[in-house]
Amino acid sequence: MKYSDEMLMAYIDRELDGETTASIDAAVMRDPALAARVERQRTLAGAVHAAFEPVLQEPMPKRLLDAASGATSAARPSRARRWTWLEWAAMAASVVAGVVIGGFLVGDFRRAPAAEIAAERGRMIARGELAHALSEQLASSQRPDGRVRIGLTFVSKGGEYCRTFLLEQSGGLACSADGEWQVQMLTHAAAAATPSAYRTASVELPPEILRAVEERIQGTSLDAAAERAAQRSGWRR
Amino acid sequence: MTPGEQQFRAELVSLLPRLRRFGRAITRHREDADDLVQLAVERALLRREQWEAGTRMLSWLFKIMNNAWIDEVRSRTRREQIFAPEESGAHACVLPMDDHLNALAVRSAIARLNDEQRIAVGLVLVEGLAYKEAAEVLGVPIGTVTSRLARAREQLQGLLSESAAAHPMQAAQ
């Protein structure tokens with residue numbers, strides 16, 4: 001009996017009834033050419049499935065966790081507001097943030113950069129001094145004692161300009177989108193780094209941030225000239 | 001938040017990885033996929049009462065994603081890039097080299113299918129839905145799903161043997 005490609009595909013997809021499946025099983029044993037056709041289709045189906053399997057292991061973006069868990073839509077009192085415990089819970093659940101979470105950070109955050117970061121539509125947007133520094137400050141010529149220190153500037157795989165920063169006790173990563181700086185990650189600076197360490201020439205970023213940079217970076221980080229050019233372009237590409 | 005909503009949201013959160021995977025299969029671009037997932041999640045929450053408890057929430061969500069993709073997201077995707085930038089850098093390489101090249105070749109080939117074929121592939125081969133479920137998601141007869149799948153596979157075989165010829169390392173698959 002001749003089997004059409006469509007039938008062999010249905011066979012591989014386990015869509016045929018028991019009887020038909022058994023008859024193809026038997027035919028495959030007898031007919032090497034048929035076995036090769038089945039194998040070819042099976043290999044393709046397996047390769048397609050395998051090609052997307054790693055997506056399941058990827059860190060979940062915070063904005064999706066927020067949207068699904070209701071971290072921000074549960075209550076939308078105003079455009080900009082303080083963080084709720086729910087948002088922190090969502091962030092703790094988010095592997096992408098790799099946030100050092102705990103009473104300390106949560107407690108600390110309430111005192112810390114409320115004016116610098118606002119939660120809007122499930123995203124963290126840089127505001128105030130942080131937004132200003134991200135837009136204006138060049139790593140090559142910044143004051144060593146500034147409240148915000150810019151670290152690396154790079155282009156992400158998504159094609160956006162991204163910059164790492166240190167803001168008081170927090171380290172973070174923000175990317176330019178729609179004329180704003182979206183803070184993609186915020187973490188408490190490594191315990192080993194004392195505040196005075198921030199004032200050295202090199203900005204020491206928490207390892208979580210560095211890992212996030214490695215995941216996102218396209219090519220290498222921008223040098224001083226490229227950083228200046230990007231700044232002049234208004235961080236648009 | 002009512003207990004019903006809480007449970008609904010909990011299930012939604014647990015399905016996010018599947019939604020992202022399906023999104024990645026149909027949109028060609030990581031950020032577009034996540035935009036699509038976010039839109040679908042927001043819509044699902046708005047239309048929560050339309051979901052019939054006891055039916056498969058995943059299929060219902062795929063349906064919302066499919067409609068959102070066809071109706072709007074597709075028209076405002078970031079760039080018409082066949083090869084997503086995430087895949088061109090060396091950094092995406094977490095798999096052994098051969099597997100990575102295979103996965104890259106397969107994803108690139110899928111990106112070149114037409115929408116209908118790519119969505120059928122996403123539902124059945126990537127997400128493992130039965131033909132009947134996929135037909136329900138798409139609102140088409142089962143025969144339409146099988147023929148889209150058949151054409152998609154033929155084309156993929158062709159594209160992949162081309163790329164295997166061009167890059168012998170990929171010939172293993």
Side-chain angles (χ1 to χ4, degrees), chain A residues 4-10 12-16 37 40-41 43-75 86 90 93-94 121-123 155-160 175 177 213-219, chain B residues 1 5-6 9-10 12-13 15-25 29-31 33-34 37-38 41-42 44-45 78-79 84-89 91-92 94-95 99 102-107 109-110 121-122 124-128 130-132 146-147 149-150 153-154 156-157 160 173:
Chain A
S4 68
D5 280 344
E6 217 162 290
M7 192 155 197
L8 293 185
M9 291 173 195
I12 287 156
D13 296 336
R14 299 198 178 83
E15 289 280 339
L16 300 175
R37 281 172 65 204
R40 201 167 127 86
Q41 289 297 340
T43 303
L44 177 69
V48 169
H49 187 78
F52 291 93
E53 193 66 15
V55 176
L56 297 180
Q57 310 305 324
E58 285 178 14
M60 185 59 60
K62 176 176 169 347
R63 62 171 170 134
L64 298 184
L65 273 174
D66 281 353
S69 67
T72 50
S73 67
L86 204 52
S94 159
R121 300 178 310 266
R123 298 169 193 212
V155 175
S156 74
K157 288 172 196 159
E160 298 157 330
C175 296
V213 172
E214 278 162 23
E215 280 164 20
R216 290 169 170 79
I217 195 168
Q218 176 183 317
Chain B
M1 210 183 277
E5 185 182 349
Q6 235 162 17
R9 285 183 183 278
L12 209 47
V13 170
L15 294 174
L16 282 176
R18 299 285 302 273
L19 302 183
R20 286 188 86 217
R21 182 171 66 174
F22 178 58
R24 207 71 76 77
H29 192 287
R30 186 194 296 248
E31 286 297 316
D34 286 347
V37 172
Q38 184 164 358
V41 163
E42 286 165 2
L45 286 162
R78 282 172 173 67
R79 330 184 160 76
E86 56 170 291
E87 293 166 346
S88 50
H91 299 274
V94 285
L95 298 166
D99 290 357
N102 274 343
L104 184 58
V106 170
R107 289 198 298 263
I110 288 172
V121 165
V124 175
L125 298 184
V126 176
E127 290 302 329
Y131 291 1
K132 185 166 173 289
T146 55
S147 64
L149 274 176
R153 281 160 139 159
E154 251 170 62
L156 288 175
Q157 293 281 16
L160 289 169
Q173 54 102 17

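Convention: sequence-line order gives letters A, B, ...; per-chain numbering from 1. Heavy-atom basis, side chains included; hydrogens, waters and symmetry copies ignored.
- Looking at B:Leu125, the atoms closer than 4.5 Å to chain A (heavy atoms on both sides) sit in the backbone and in the side chain alike.
- By the salt bridge (Lys or Arg N to Asp or Glu O under 4.0 Å) test, A:Arg37 pairs with A:Asp5, sequence neighbours left out.
- Salt bridge status for A:Lys157 with B:Glu31: absent, with no side-chain N to carboxylate O gap under 4.0 Å.
- Residue with the most contacts toward chain A among B:Leu15, B:Leu16, B:Leu12: B:Leu16 (heavy-atom pairs, distance under 4.5 Å).
- Heavy-atom distances place both the backbone and the side chain of A:Arg40 under 4.5 Å from chain B.
- Between chain A and the options B:Asp34, B:Thr146, B:Ile110, B:Val41, the largest number of non-hydrogen pairs under 4.5 Å is found for B:Asp34.
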Legend entry - Residues B:Gln157, A:Gln41; criterion side-chain contact (heavy atoms from CB on, under 4.5 Å); working and verdict: CA-CA 8 Å; B:Gln157 293 281 16; A:Gln41 289 297 340; 3.9 Å; yes

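- Applying the salt bridge (Lys or Arg N to Asp or Glu O under 4.0 Å) criterion to A:Glu53, with sequence neighbours excluded, gives B:Arg21.
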